[in-house]
Amino acid sequence: MGFIKFLGTAGARFVVMRQFRASGGVWISVGKTNLYIDPGPGALVRCLNSKPKLDPSTLDGILLTHKHLDHSGDVNVMIEAMTEGGFKKRGVLFAPKDALEEDSVVLKYVQAFVEKIEVLGENSEFRIGEIRFSTTQKHRHQVETYGLNFGTSPTISFITDTKFFPELPDLYLGEILVIHVVRLKPIGDDPIEHLSIEDVKNIIRKAKPKLTVLTHFGMTMIQAKPWVVAAELEKELGSKVIAASDGLKLDLEEV
Ligand SMILES: [Zn+2]
């Protein structure tokens, strides 16, 4: 029994700032364990408005893949909601070191609300309740960033923001592959390090997932209509590809 629910599919600044798509992140539920990944701006509101409602006080943990605001904007208020206003010390916060130390995106007084803080590092394994996951090598992104491999059934890989690098397709071999694809086309010397559809093709050809879910769209992807891009990719690669929409729920048993 499990599901992933997308409470936002916006990526990068303009789509987030203008809320062309929501930017709430992802809720993963396996058995009785609930984990929230990347609570961007609006995460709390999206949870409470979700149908059926997702109650943050049932979360067992919150994870930041990195400290950028589109992934962490609501982390403080989500921790407060998980811990019932800070009155109930509970839950685990997972985050890279640079999201917690100097210039932390999690306020010091809020850090004290959780039962445990687990610092994400390279090639490490973690467990929270019924959810096991591991990190791989550090992504190429301006701040410390990790993708995730979940030992769920089916297995899920979660490629968060990064610039493409040659080892990337070999690191994420989950049956379900969630890819953060900000750009339609690559930009030569991209100062903001993100994946494009060309990179996604390279990854799918090598990693051969059962299902690819595109999300975290920037303006060029929104303009190209992500569902059209996904259908074209599916046709070209002969591999199932869908574009996430705000509120999309994937039941793990059905994949
Ligand atoms: Zn980022």
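Whatever order the structure lists ligands and atoms in, that order sets their numbers, starting from 1. Remember, predicted model here, so these are calculated numbers, not experimental data. What's counted below: heavy atoms across the whole structure, side chains too, no hydrogens, waters or symmetry copies.
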*Please identify each residue that fulfils side-chain contact (heavy atoms from CB on, under 4.5 Å) with Pro41, with sequence neighbours left out.*
Val16, Ser23
_Electrostatic pair Arg205-Glu236, nearest N-O below 4.0 angstrom_ = yes
Identify all side-chain donor-acceptor contacts of residues 111-123 below 3.5 Å with residues at least two apart in sequence or on another chain.
| unit_1 | atom_1 | unit_2 | atom_2 | d |
| --- | --- | --- | --- | --- |
| Gln111 | NE2 | Leu100 | O | 3.3 |
| Gln111 | NE2 | Ser104 | OG | 3.2 |
| Gln111 | NE2 | Val106 | O | 3.0 |
| Lys116 | NZ | Glu118 | OE2 | 3.4 |
| Glu122 | OE2 | Lys138 | N | 2.8 |

*Indicate, with yes or no, if the rings of His66 and His139 have centres closer together than 6.0 Å.*
no
*How many protein N, O or S atoms are found at a distance of less than 2.8 Å from the Zn ion (ligand 1)?*
4
*Sort and list the pairs that fulfil ring pair (Phe, Tyr, Trp, His ring centres under 6.0 Å) and have at least one residue in residues 75-102, not counting sequence neighbours.*
Phe94-Phe126, Phe94-Phe133
*Does the ring centre of His194 sit less than 6.0 Å away from the ring centre of His180?*
no
